[in-house]
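All remarks here apply to the structure that follows.
To find a chain, count down the sequence lines: A is the first, B the second, and so on, and within it residues start at 1.
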Amino acid sequence: MAKRAMMEVVDQDPVASLRILFGRLLEDAEIGAVLVAQHLNKGGVPMPALVTDPERFEYADPLAPAFPINAAKIVSRLSRRPAGETVAAVLRPCEIRAFIELVKLKQGNMHDVLLLGIDCPGAFGNTDYARYVEGNGSRSSVDFLTAAIRGKTSTEDGLDISPACKACEHPVPENADVIIGMLGVDVKSSLFLYAGTPRGEELLSKLNFSEIREPEDRRSAVVELLERRIAYRDRMFEKTTEATADLEKLTAYLANCVNCYNCRVACPVCYCKECVFLTDVFDHEPAQYLRWARRKGILKMPSDTIFYHLTRLAHMSTACVGCGQCSNACPNNIPVMELFRTIAACTQRAFGYEAGRSADDEPPLSAFREREFSEVTGGKD
Amino acid sequence: MKEKIGSALIVGAGISGIRSALDLAEMNYHVILIDRAPHIGGTLRQLDRQFPDDHCGMCKMLPLVDRDAASQYCLRKGLFHENIDIMLSTDLVSLEGEPGRFQATLRFKPSLVDPGRCMGCGECARVCPVEIPDEFNAGLTLRKAVYLPVPHNIPNHYVVDEAACIRCGECQKVCPTEAIDLKLESRRAFRILVVDDELVVRDSIKEWLEDEGFSVDMAESGVEAVEKLGKREYGLMLLDVKMPGMDGVQVLKAARDMRPELPVMMMTAYATVETAVEAIKMGARDYLMKPFDIEKLVSIVVQYYQDTESIPERRVDVGAVILAAGFESSDAGLVKDTYGYGQLPNVVTSIEFERLLSGTGPSQGKLLRPADGRPAEKIAWLQCVGSRNLHLNADYCSSICCMYSIKEALLAKKHNGGNVDASIFYMDMRTFGKDFQRYRDRAQQEHGVKFIRSRVHSVEPGASNGSLSIVYSDPAGTVCQEEFDMVVLATGQKAPRGTSALAEVAGVELNPWGFCRVSDFSLTRTSRDGVFVSGSFSGLRDVSESLIQAGSASLCASALLHSKGGELAEVAHERYPVREVSREMPLTALAVCSCGEILERAAGLSGIVETLQKAGLVSEVFRFDRLCTRSDWEDLRKKTESTRCNRVLIGACLPYVYGKKLKELSRSAGLATSLMDVVDIRTPAFPGLDGDKRSVSRHILTAIEMALARLRGVDSLSPVHTEVIRKALVVGGGIAGMTAALAIADHGFHVDLVERSPQLGGNLRTLHRTIEGSSPRDLLERTLSRIEKHPLLTVHMNARVVHSQGRVGRFLTTLEKEDGRGEAIEHGVCILATGGKEAAPRSYCYGDSEAIVTQHELEGMFREGVLDPSRLGIVAMIQCVDSREEGRNYCSRVCCVSALKNALYLKERNPDTDVYILYRDMMTYGFLETYYTQARRAGVIFIRYDLEDRPAVEVIDGRLKVSVLDTVLGRQIILEPGLLVLSTGIVPAEHVREAEVFGLSINEDGFLMEAESKWRPVDFMRQGVFLCGLAHSPRSITESIAMAEAAAQRALGLLCRRELPIGSTVAEVRQSLCSLCERCIAACPYGARWRNEEEDRIEVDQPACQGCGSCAAVCPNGASVILGFRDQQILAVIDAALEQVGG
């Protein structure tokens, strides 16, 4: 059984080499289908595609610095009920972490999914990615990658990976079944594969990889990247805390919100079939609007904007994995991710919880404990 | 046909009385619950927290099934139930008739405050000039003569303490609702004739009695007295015996002729007592000794006065009576003057200490010394004050003091920055209840409570100011001394005042210690058929045991009521037609009461109503002057009959009294009760709240608007009811299971009794006799023959339960028979009585010699007659074998008694046998203590050992050698007994399977885990399943029987209904919104939700749902809703609270 393996890269092209690997999954490893990002329209954003034919990985490109959607929701759709076959999903760390949250919310199941996680150097926002590719096809993925794992993510024309990625302290998908490692590795010659679970180990054995040791530079590469990201994150927390310090500031922060609710649609852990803000709870009587308006003489419309964001924070901040899709989806460039991550850091700390860490961690509010939050209850029980 | 009397009288409204009342009320019997005190709750009203969880949970006693029938708030504040009439300040004065048909006479203590009018505003207390110690705070604070007996009661009416009242009349003047009538006139009309030849005596008596408001005439001689008697009517004559000329006796004779009805009280000096006694034979009522004690004299006169008043009495017909008169704390002052109680202010009783810890106590929960208000940082508890005391006729253990002292020590340690040093001085730490031993160990090991085994000699003033010095001797007899800030006397319990009078009235016998006597194998049957006893009135017990006994008492009462034709409540939850309004626009009728002129004056009620009408929030308005009067209420009832509105909001005072009334209104108006509400508009206008008219008006307006908003969004659909399968399944055929099965079958329901072995009887088969001398064998035979004959009982021998599905009211359980055959049984409830057995010893060379046996084996030898007591020589017994230490860290509670029983039996058969009992703590709780005393008298030798120095047993050439360190003598003792008896305790039966089948938990010792150790001892969290007997924890035969009766009672509360009513506040799932995340299932504390895999939806078991709202709180998008508390409603209420129409 192999826990760690080195995969040769052909033609100095890790993307092409991965396509071969995916084909082998279908042929040699009893995998029914592989979910992986593909350029389905030449030059377009790679979108997740479910592939069952080993010949159809020709445009697969999980390494493209693009992150159009968080595929956790797609994996949850594929795994909610048994499908009879195992699907291998090639995912970024934040997608895996979001999926783990969804599993805890009974929206997906780990049994029928094999998670292949890739080291993530970060990705551009959707509009930036469109500008970045400009007809370059998949070749640009490798260019970006070789620079990014050395720490350079910005381009000459001033593009850079999204703030969510810059602040992400989970570039390595530790909780995947198999991790496709690139940090600390010369990706033009080889990729480092290792198993995070016994199932991953089994897969590596089926593929006949032999055991090696961890590449020497990997650890220091990870540490270095984390330091940079945590520093960025903490600056972000500080800035956001200041910018949202009171209700007035928060109102200004969210002033451009048009209640389109894109952020909640894009959010991988917002799992409700129908958001409460779209239900009759917020179907106010016309007279009610007038009464509200009368209270201060003026009422901002649409109303419930701040309430919406606060509610989403209350509901989902403990499950937030910081993927940044909310900001990515915002048509008005509101730094939603910054707000969520800042608050999530506090709420998750309060419950001693880290979203996406492990399917075995009990999510907050699922259990009532008599003796908790003594700072709130005054230490009395 | 016999007239059915489906009602019971319960005397005493402490927790056991309340439990019994709720039990019977839940079966739809009518209950009259009386208490001598002006409040309910008994002792517990003063206690904030109870061991072993150090919380209060009294509310957990409230009904879980027909929740809407009772108030649903803190039970320490009060209780309302449709079927319970609570009568306070009331005594039982006679009980005639026969079981099933008693006539009880109740006497109400006249109240000077009309509870119907008192709103609890407190003006009276503000002006009252009298200040006396407050009983609620155990005398540590002061109160007025007009006061609230419990500061947090709902409703809270003031009462007048007539003994303290000086009749100044100030309160009567300020009462805004004219609720107080001190009856000054009628006192003045009570004229007393004082006859004495000594002027000083006459004058002082006249002064005292006039101060009390009476009119007094005086006569200086017999002749003058007779003359005055001829001229005027008198209410009472106080008559001196020895007077010159016509003496007292002669006057008495004359008075008897002239006014035979006149009560006469003789006054006498010591020398003429005999004459006074003679006078009583001639018709005098009583005599008073000179010199007089003013208080006594006055109280006797007041008593005569009250007797002449027309004291309201009421005769009620009841089928059964439960006495739950409780207990009283021993008087610490009487106990031992060497403890300094009463002289040293920092020596307090345990109840005083509870008040010191309480937030409603004298120092608002700060732990301060009574003497100087300084923080108490070093505190000692002295155990057994007033109990285990032969001099006080208290040869009993009060059972609870050890545990409450540990609790108090732990609570104290949370005070004063955690710096409290706590020491408990004790003889035996009696931790015999479930999980009590671990509680004690945790107190010692984790919290540092010190346990000092000792005899305390005295408490004396210490070296520093206010400190106390305890002088005690340790087990080795060394005299020690230690200083403390404060000393708490763990006062024991005794029978309450008036017990003998109550026993006489009720016709029940008392035991030698003055508590109610109970029959063999029962905790609740008294010497009078049809009169049962509950709670500490028959002996001393903690909350959980009181509740078990209360359940047993209500079972006995209900069995009697049932057998006498009272019938079980077959009411298919009262139904009446209500209008279907779910498709109508919400229209609200507002009924407001202006409380006479008060609300108009204080808040401009008309203006408020006008504002609401203008804003279109109310469609119709009904105005009343006094809605509390019958005529106004009738008026409202008529008006709502014809209203087109589909919501009714009542603005009045005291909303909680409207529960029953709203049902009445609902029925006549044909509107569901959920569409009606009552809002308190009176309190904002209380005097003393310093509100100006504007702010009072704003408060009232906001309150009404919030209530309107809630009512507008209310759900008008009535919930669906579940039909009950009216059959029971009882698992386990020991005495507990058999008792429970019979109890249910006796109420007319079919029972399936499942026993895994080939015969019924369990441990009863191995027991020889009880310590009281009764025969378990006879009990077994009686029970078996009843089971055989009972037409409603089916016994399944050699069978086990292997599967069960369903929910409360509807279960389907599969049995597996010996031959592998299965049988499916439908039932509505289930009782688990899976039992336990004597543990097999693992130590002390058991098995190495035939002379080493267990207590059970010894009893077997007695029973078979194979043991010759005359040849035993020495018998040694070792207690706590393999128990009360980790592994099996609990007390089995029966072993000390078994050892005493067998030791006494051996001594009885051959007094020359030397019996040694090697023990750690003798757990002879309650009246069992007396057997410990007897055993010592009979010469049984008790040697205490510690875990560190446990006895050593060797078998050398077939001979036994037991060595033990005697802690008193401080040296090793060697015994060579002919028989060594090991007290190994009780282990639960192997019932993991049963627990799994019914989804129940098992604790670390293997016993089944009840819903709540204190308040729901026979329930599981899973509704519809109950437990009793050894499966719960070790207990005696009688205790098992009581517990089985209590469990049967809980089960009957469900079985007696054709369908389970569902509370109006209950959860529901909006399936179209539900994402099936199951967070609501995890959050539900009652296991009332589950995922229906077939239909892929979340279901709510509505009869089990308690409407707590946890599910709605965790559901992010409102797919889980609580009827009556929908998001829309709550948002609307919040809006209403924040905004002001037109303001």
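- Counted within 6.0 Å of CD on B:Gln445, heavy atoms from surrounding residues, nucleotides or ligands total more than 12; the atom is thus considered enclosed.
- Between the side chain of A:Gln107 and the backbone N or O of B:Ser1075 there is at least one donor-acceptor pair closer than 3.5 Å.
- For B:Cys1080, no part sits under 4.5 Å from any heavy atom of chain A, backbone or side chain.
- Counted within 6.0 Å of CE on A:Met301, heavy atoms from surrounding residues, nucleotides or ligands total more than 12; the atom is thus considered enclosed.
- Heavy-atom pairs under 4.5 Å with chain B were tallied for A:Val281, A:Leu278, A:Thr311; the largest tally goes to A:Val281.
- Using a 4.5 Å heavy-atom cutoff, the side chains of A:Gln288 and B:Asp1135 are in contact.
- For B:Ser1110, no part lies near chain A; criterion is any non-hydrogen pair under 4.5 Å.
- A 6.0 Å sphere centred on CD1 of A:Ile298 holds no more than 12 heavy atoms belonging to other residues, nucleotides or ligands.
- Within a 6.0 Å sphere centred on NZ of A:Lys273, other residues, nucleotides and ligands contribute more than 12 heavy atoms.
- Heavy-atom contacts from other residues, nucleotides or ligands closer than 6.0 Å to NE2 of A:His111 number 12 or fewer.
- The two atoms that bring B:Arg1091 and A:Lys106 nearest to each other are NH1-CB, 4.5 Å, heavy atoms only.
- Between A:His284 atom NE2 and B:Leu1131 atom CG the span is 7.5 Å, to the nearest 0.5 Å.
- Using a 4.5 Å cut-off between heavy atoms, B:Leu1073 touches chain A through backbone and side chain atoms alike.
- Within the 4.5 angstrom heavy-atom criterion, only side-chain atoms of A:Arg80, from C-beta onward, approach chain B.
- Chain B forms the most heavy-atom pairs under 4.5 Å with one residue out of A:Phe277, A:Phe282, A:Trp292, and that residue is A:Trp292.
- With respect to the salt-bridge test (charged N to carboxylate O, under 4.0 angstrom), the residues B:Arg1070 and A:Asp280 qualify.
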